Amino acid sequence: MDFQNRVGSKIRSGGVAGWSESNVDRRERLRKLALETIDISKDPYFMKNHLGSYECKLCLTLHTTEGSYLAHTQGKKHQTNLARRAAREAKETAAIQPPVGPAKPQMQRRNVIKIGRPGYRITKVRDPVTRQHGLLFQIQYPQIAADVLPRHRFMSAYEQKIEAPNKDYQYLLVAAEPYETVAFKVQSKEIDRAPGKFWTHWDQDSKQFSLQFFFV
């Protein structure tokens with residue numbers, strides 16, 4: 001390009017190119033490079049419409065010539081959209097790809113026939129020194145399964161689905177196969193788990209499970 005008459009240029013020199021001329025020159029070089037390196041027939045985003053124009057299905061842009069489209073493919077907008085699409089496809093592939101490594105063993109649920117609820121007795125207790133109030137639970141499991149020990153845990157009112165949740169109460173659950181799990185509704189106070197304040201005992205001879213706790 002001849003920019004000889006431009007201000008600041010020397011006589012018989014190329015002159016100082018402006019921004020618009022530089023941009024045109026850059027796009028022309030990109031178009032020539034794309035023509036040499038890209039097979040447009042294999043471009044999945046290239047489409048010729050019924051008006052004879054060319055469209056980029058990725059960027060939703062319209063071009064009058066193939067050269068204009070090829071120059072667009074080398075530009076920042078097209079390259080940015082390509083990177084975003086590749087990142088999205090990689091994320092989707094990772095989400096559906098099965099995990100690598102040995103399969104995790106599946107826990108098989110035991111089919112146990114329940115024989116009803118166990119008998120129990122609840123006694124209110126009080127610590128003679130601290131005057132703390134507490135409860136003693138004694139549950140009978142005369143037909144407990146072999147090698148099974150009673151288990152227990154506390155459950156908040158918001159975990160259960162039987163009653164409307166009440167923040168003033170919590171539940172003590174005790175389970176031992178083949179009996180049904182029993183739940184005791186107690187006050188939602190902090191349990192004192194200090195030594196001697198909270199204890200459990202399983203009497204193998206009488207088949208009785210005992211649990212005692214005090215509220216803080």
Side-chain angles (χ1 to χ4, degrees), residues 1-112 151-171 173 175 181 183 188 190-191:
M1 295 183 181
D2 184 9
F3 302 105
Q4 179 177 344
N5 298 321
R6 207 171 270 283
V7 176
S9 64
K10 294 181 180 180
I11 298 176
R12 296 181 181 179
S13 67
V16 180
W19 178 85
S20 60
E21 289 85 357
S22 298
N23 189 46
V24 171
D25 183 58
R26 180 184 64 84
R27 291 181 64 85
E28 179 64 19
R29 284 187 282 108
L30 289 175
R31 185 187 69 81
K32 291 180 179 180
L33 177 63
L35 285 172
E36 296 174 358
T37 58
I38 299 176
D39 185 356
I40 198 171
S41 63
K42 296 181 180 179
D43 189 336
Y45 306 114
F46 174 75
M47 183 182 72
K48 185 175 181 179
N49 61 26
H50 66 286
L51 298 176
S53 301
Y54 304 96
E55 297 181 19
C56 175
K57 294 189 290 183
L58 177 64
C59 306
L60 303 178
T61 54
L62 188 65
H63 306 273
T64 56
T65 64
E66 291 185 1
S68 174
Y69 171 81
L70 290 172
H72 160 74
T73 62
Q74 304 303 305
K76 181 179 180 181
K77 181 178 181 179
H78 190 82
Q79 295 297 321
T80 300
N81 288 337
L82 281 176
R84 288 176 179 172
R85 186 178 184 89
R88 184 172 68 252
E89 290 178 350
K91 185 177 181 180
E92 292 174 353
T93 302
I96 62 176
Q97 185 175 4
V100 179
K104 295 183 179 180
Q106 295 183 353
M107 298 295 293
Q108 295 183 354
R109 298 186 62 181
R110 298 173 57 184
N111 294 323
V112 179
R151 295 171 291 115
H152 72 278
R153 79 175 183 96
F154 286 91
M155 180 178 69
S156 74
Y158 297 95
E159 291 183 68
Q160 55 86 32
K161 306 297 182 183
I162 305 300
E163 301 178 344
N166 188 333
K167 63 182 180 62
D168 295 329
Y169 295 95
Q170 60 184 329
Y171 296 84
L173 275 61
T181 300
S188 184
E190 183 180 354
I191 306 299

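As the structure is a computational prediction, the values presented were derived from the model and not from experiment. Position 1 is the first residue of the sequence; numbering continues from there.
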### Message
Looking at E190, I'd like to know if its CD atom is crowded, meaning that more than 12 non-hydrogen atoms belonging to other residues, nucleotides or ligands lie closer than 6.0 Å.
### Response
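Not more than 12 within 6.0 Å, no.
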
Mind checking the [atom1]-[atom2] spacing from [X] to [Y]? Nearest 0.5 Å is all I need.
X	Y	atom1	atom2	answer
H72	Q79	NE2	CD	9.0 Å
L70	C56	CG	SG	11.0 Å
K77	N81	NZ	CG	7.0 Å
L62	M47	CG	CE	9.0 Å

* What is the ring orientation for Y54 with F46, classed by angle as parallel under 30°, tilted 30 to 60°, or perpendicular over 60°? ->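 Plane angle under 30°, so parallel.
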
>> Looking at Q160 and A157, would you say the former's side chain and the latter's main chain have a donor-acceptor pair under 3.5 Å?
In response: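 Yes, Q160 side chain to A157 backbone: donor-acceptor pair under 3.5 Å.
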
Subject >> Side-chain (E55) to main-chain (T61) donor-acceptor, under 3.5 angstrom >> reply: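 It does not hold such a pair.
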
Inset, instruction - List for me each residue that meets side-chain contact (heavy atoms from CB on, under 4.5 Å) alongside N166, sequence neighbours excluded, and say none if there are none. - result: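 Once residues adjacent in sequence are excluded, the partners of N166 under the side-chain contact (heavy atoms from CB on, under 4.5 Å) criterion are D168, Y169.
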
- Task: Step by step, work out the side-chain hydrogen bond (donor to acceptor under 3.5 Å, both in side chains) result for D43 and Y69.
- Result: CA-CA 11 Å; D43 189 336; Y69 171 81; 2.7 Å; yes

Quick one: ring-ring contact (aromatic ring centres under 6.0 Å, His included) partners of F154, sequence neighbours excluded?
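F154 satisfies ring-ring contact (aromatic ring centres under 6.0 Å, His included) with F213 only.
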
* Where do Q170 and S188 come nearest, in terms of heavy atoms and distance? ->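 Scanning both residues completely, I find the closest heavy atoms to be NE2-CA, 3.8 Å.
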
Does R153 have any salt bridge (charged side-chain N to carboxylate O under 4.0 Å, His left out) partners at least two apart in sequence or in another chain, and if so, which?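 In terms of salt bridge (charged side-chain N to carboxylate O under 4.0 Å, His left out), with neighbours along the sequence ignored, R153 is linked to E159.
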
